[in-house]
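What follows is a single structure, written as structure tokens, with notes after it.
Every chain is numbered from 1 and lettered A, B, ... according to where its sequence line falls, protein lines coming before strand lines.
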Protein chains: 2
Amino acid sequence: MTEGPTITTIAQRAGVSIASVSRVLNGLPTRPETERRVLQAAGELGYVPNSVARSLKSRRSNQVGFAIADIGNPAYLAMIREIQPLLKAAGYRLVLHSTGSDIAEEIEVLRGLGERYADGLIMVPLRMTEEHLKMFHAARAPIVIIGAAPDGAPVDNVRTDSRTGVRLALAHLHALGRRRIGFLNGPPDTVPGAARAAGWAEASRALGLPAGPELTEVGDFYRADGAAAAGRLLDRVPDLDALVCANDLIALGALDVLRRRGRRVPDDVAVTGMDDTDLATLAWPALTSVSLGSAERGRAAAGLLLDRLAGDGQGPRVVTVEPRLVVRGSTAGQETP
Amino acid sequence: MTEGPTITTIAQRAGVSIASVSRVLNGLPTRPETERRVLQAAGELGYVPNSVARSLKSRRSNQVGFAIADIGNPAYLAMIREIQPLLKAAGYRLVLHSTGSDIAEEIEVLRGLGERYADGLIMVPLRMTEEHLKMFHAARAPIVIIGAAPDGAPVDNVRTDSRTGVRLALAHLHALGRRRIGFLNGPPDTVPGAARAAGWAEASRALGLPAGPELTEVGDFYRADGAAAAGRLLDRVPDLDALVCANDLIALGALDVLRRRGRRVPDDVAVTGMDDTDLATLAWPALTSVSLGSAERGRAAAGLLLDRLAGDGQGPRVVTVEPRLVVRGSTAGQETP
DNA sequence: TTGTACGCGTTATCAA
DNA sequence: TTGATAACGCGTACAA
């Protein structure tokens, strides 16, 4: 825990100037004898370059921020698992921000970017406020938004179409003959919540299904909230024959409640989730889920950001990932492999 | 994306020296008029202090590293969820390292600590080599190891007793009348793998159960490996009446195989996991699991590290978390709540 | 090929 | 109270 050696220490020990030390360490041409002495001194002292000083000089931190609402959500996890290796391979460290879906904390993360602790930021915002936009414009480092960024915002954007996702789920259930289909949504004032609500309304109308509020319950995007919402909806509409859930966690909560109430899945009530997380194959019966390509979106976001960091100066780019229905036992009634 | 303002820019605009700017920004006594001009200039320019320069001067990065084998393992996840808010509250950013259980990468993380990009490190190593020990001694920043650190290593240590954990599981199954109990372990050359193997041998002997290699299968700590290992063991010992698994992921793999082979759980085969992750309550039947206090260990580790960072200069400390059996449907045969 | 000296943006010391 | 200036550790013109 003593003070570490610096190039000055090495220079003294090797009897050369700090410039020579720096040159040797950076592989610039030097006389073999000088190189030998420097390397020996560095080795003996256990020298490790100070990344802070290097950053101050180079104006690059070699770090990238990743901001999400909750590290516990497996959809975000799938993103991290893709992003982290890509960043590491490119020489960047990953700074993780878990904002707890608190707007103020999200803004704080954006403001922090101004401190230059990171060379770029990937963010999955739950809401999109004026404040966000202001920070986007003020940002002095590239930002990639996973989710819906407003057109014209100076950020790269990886999006998916969860409206279509809800439609896929609803069409699937409709094709299976279900007609009393309930909807368990997340907070409608969040970006994903609003998109799913819109998709629900659209698709219901298109299929000639009732789309009124009597078939919808709202809670947070967690399992316990999903269970509570499912309980309320079942109390109100006991003859439901299917449930569309706004994410897998909510669906798992719904499965808990259905099991507790003795409703068979999928025989009595079919259930769909969304995000197609690892949890979907864990549930019993395995959960039919709409994949929004979390892993793919993570990969795309990392790619976009690395392009920027490599000096790509194009205008804002948008990558779109198509939703895809993954049918499993919770709607199909067959054993999972 | 233009160059950001510095205290020099502010000083020019406000017509004062950079020293005055710094004083105002740090709340040191200044004449009201000076303060006003500085704050106005700073506000107009959208000044944000450069954390890199600040770090170089203060010799503190306000970052903490957290190194784990795989972010996808929910036991680690439980730790992060505790660690991250504690660090944030104390003003530290979290730098996440996922090493893929590769020794070389773990060593690289320890070496990286020498670059002073972080003020401290929390690490959950899977193995413990001479190289690790060397790096611990050479480290110039405090390290907290979650898992078994050798006595005398200059690190704080949060440990649990997974030997006892295996004993708890085995005793539980024995008390339920099971006598042909198999063991699905992780790699025995890892710290947790070795501890669990030792616990298995000890506890089997104590209970008068066979403890030979014929009842053990080994794989990695993942679900697919658990399934493969369970398959091999069932082929060899078809009349098993229980399975002790080295973690929850392995147990979930075992549940997959048992279901596929038509063995009822727990009636035919009782199953226990370890780590008591969120997945345990997701499985069907819900998984009896030995809690090793992941969340608690994460909290303890963060606490130890923050103490150090606050200047605590004691010798290495050890915190031990007791394992605890959590009984659920996979052994008790009752509906989960 | 090598050394001197400056700058990166801050904080902190010392005179004034 | 304020300003000039010296660090912090590194990279790099520029001069030798």
Side-chain angles (χ1 to χ4, degrees), chain A residues 2-39 41-42 45-63 91 112-119 140-141, chain B residues 2-39 41-42 45-63 91 112-119 140-141:
Chain A
T2 63
E3 291 307 313
T6 71
I7 53 170
T8 307
T9 328
I10 297 179
Q12 289 167 347
R13 183 169 189 125
V16 299
S17 73
I18 62 165
S20 287
V21 175
S22 177
R23 275 189 289 263
V24 170
L25 264 29
N26 291 323
L28 296 176
T30 31
R31 192 156 49 105
E33 168 63 9
T34 307
E35 179 172 342
R36 197 191 56 72
R37 295 172 64 178
V38 168
L39 289 180
L45 291 168
Y47 171 79
V48 180
N50 183 314
S51 65
V52 177
R54 186 172 275 177
S55 288
L56 181 59
K57 180 69 184 168
S58 68
R59 298 158 163 278
R60 300 172 69 268
S61 65
N62 298 309
Q63 298 192 147
L113 196 54
E115 296 175 3
R116 316 244 57 147
Y117 76 89
D119 299 331
R140 300 196 223 287
Chain B
T2 63
E3 291 307 313
T6 71
I7 54 171
T8 307
T9 327
I10 297 179
Q12 289 167 347
R13 184 171 189 123
V16 300
S17 72
I18 62 166
S20 287
V21 175
S22 177
R23 274 190 290 262
V24 170
L25 263 29
N26 291 322
L28 296 176
T30 32
R31 192 156 50 104
E33 168 62 8
T34 308
E35 178 172 342
R36 195 190 57 72
R37 296 171 62 179
V38 167
L39 289 180
L45 292 168
Y47 171 79
V48 179
N50 183 315
S51 65
V52 177
R54 184 173 277 177
S55 288
L56 180 61
K57 182 66 185 168
S58 68
R59 297 159 164 279
R60 299 171 69 268
S61 64
N62 297 310
Q63 297 191 147
L113 196 54
E115 296 175 4
R116 317 242 58 147
Y117 76 89
D119 299 331
R140 298 196 174 77

Discussion item. Under 4.0 Å, heavy atoms only, any strand: does B/Ser22 hit a base, just the sugar-phosphate, or nothing?
Written reply: base
Discussion item. Please report the distance, rounded to the nearest Å, between CG in A/Leu56 and P in C/dT10.
Written reply: 9 Å
Worksheet item: Do any side-chain nitrogens or oxygens of A/Ser20 fall under 4.0 Å of OP1 or OP2 in C/dG3?
Response: yes
Worksheet item: Quick one: A/Arg36 CZ to C/dT1 P, roughly how many Å, whole number?
Response: 17 Å
Worksheet item: A/Ser58 side chain to A/Arg54 main-chain N or O, any donor-acceptor pair under 3.5 Å?
Response: yes
Worksheet entry | Terminal axis angle for the helix from C/dT1-D/dA16 to C/dA16-D/dT1, five pairs an end, nearest 10 degrees | 50°
Worksheet item: Per the atom types in the model, does the base of D/dG11 pair as donor or acceptor with the side chain of A/Arg59 at under 3.5 Å?
Response: no
Response to the item:
B/Glu35 CD to D/dT2 C1', in whole Å, measures 14 Å
Worksheet item: Under 4.0 angstrom, heavy atoms only, what part of the nucleic acid is B/Val16 near: base, sugar-phosphate, or nothing?
Response: sugar-phosphate
Worksheet item: Over how many whole Å does the gap from B/Ile10 atom CD1 to D/dT2 atom P extend?
Response: 16 Å
Practice prompt. Kindly say whether, by distance alone, the side chain of B/Arg23 makes a donor-acceptor pair under 3.5 Å with the base of D/dG3?
Written response: yes
Discussion item. Check whether A/Ser20 reaches the backbone of A/Val16 with its side chain - one donor and one acceptor, N or O, closer than 3.5 Å.
Written reply: no
Worksheet entry | Minimum-distance pair of heavy atoms, taken over all atoms of A/Ala14 and A/Arg37 | O-NH2, 2.7 Å
Item to complete: Return the value, rounded to whole Å, for the distance between atom CG of B/Leu45 and atom P of C/dG9.
Response: 14 Å
Worksheet item: Side chain of A/Ser61, backbone of A/Asp119: donor and acceptor closer than 3.5 Å?
Response: yes
Worksheet item: Given atom CZ of B/Arg60 and atom P of C/dT10, what is their separation to the nearest angstrom?
Response: 18 Å
Item to complete: With side-chain contact (heavy atoms from CB on, under 4.5 Å) as the test, would you mind laying out the steps for A/Ile7 and A/Leu25 before giving the verdict?
Response: CA-CA 9 Å; A/Ile7 53 170; A/Leu25 264 29; 4.2 Å; yes
Discussion item. Please classify the nucleic acid contact of B/Pro29 as base, sugar-phosphate, or nothing, using heavy-atom distances under 4.0 Å.
Written reply: nothing
Item to complete: Remember a base hit wins even if backbone is also touched, and classify B/Ile18 as base, sugar-phosphate or nothing at under 4.0 Å, heavy atoms.
Response: base
Practice prompt. Give a yes or no on whether the backbone of B/Ala19 and the side-chain of B/Ser22 come within a donor-acceptor separation of less than 3.5 Å.
Written response: no
Worksheet item: Any donor-acceptor pair under 3.5 Å linking the side chain of A/Thr34 with the backbone of A/Thr30?
Response: no
Fill in: Distance below 4.0 Å between A/Ser17 side-chain N/O and C/dG3 OP1 or OP2
yes
Worksheet item: Does D/dC8 have OP1 or OP2 sitting under 4.0 Å from an N or O in the side chain of A/Asn50?
Response: no
Worksheet item: Does A/Arg54 put a side-chain nitrogen or oxygen below 4.0 Å from OP1 or OP2 of D/dG9?
Response: no
Worksheet item: Is the distance from OP1 or OP2 of C/dG9 to the nearest side-chain N or O of A/Tyr117 less than 4.0 Å?
Response: no
Worksheet entry | Distance-only donor-acceptor test, B/Lys57 side-chain atoms vs C/dT11 base atoms, 3.5 Å | yes
Worksheet, complete the sentence: Sorted by position of nearest nucleotide on DNA chain D, 5' first, the leading residue of B/Ala19 and B/Ala53 is B/Ala19
Worksheet item: When the distance from OH of B/Tyr47 to C1' of C/dG9 is rounded to whole Å, what number comes out?
Response: 7 Å
Practice prompt. Would you mind reading off the distance between B/Arg116 atom CZ and D/dC10 atom C1', rounded to a whole angstrom?
Written response: 15 Å
Worksheet item: Short question: side chain of B/Asn26, backbone of B/Leu28 - any donor-acceptor pair under 3.5 Å?
Response: no
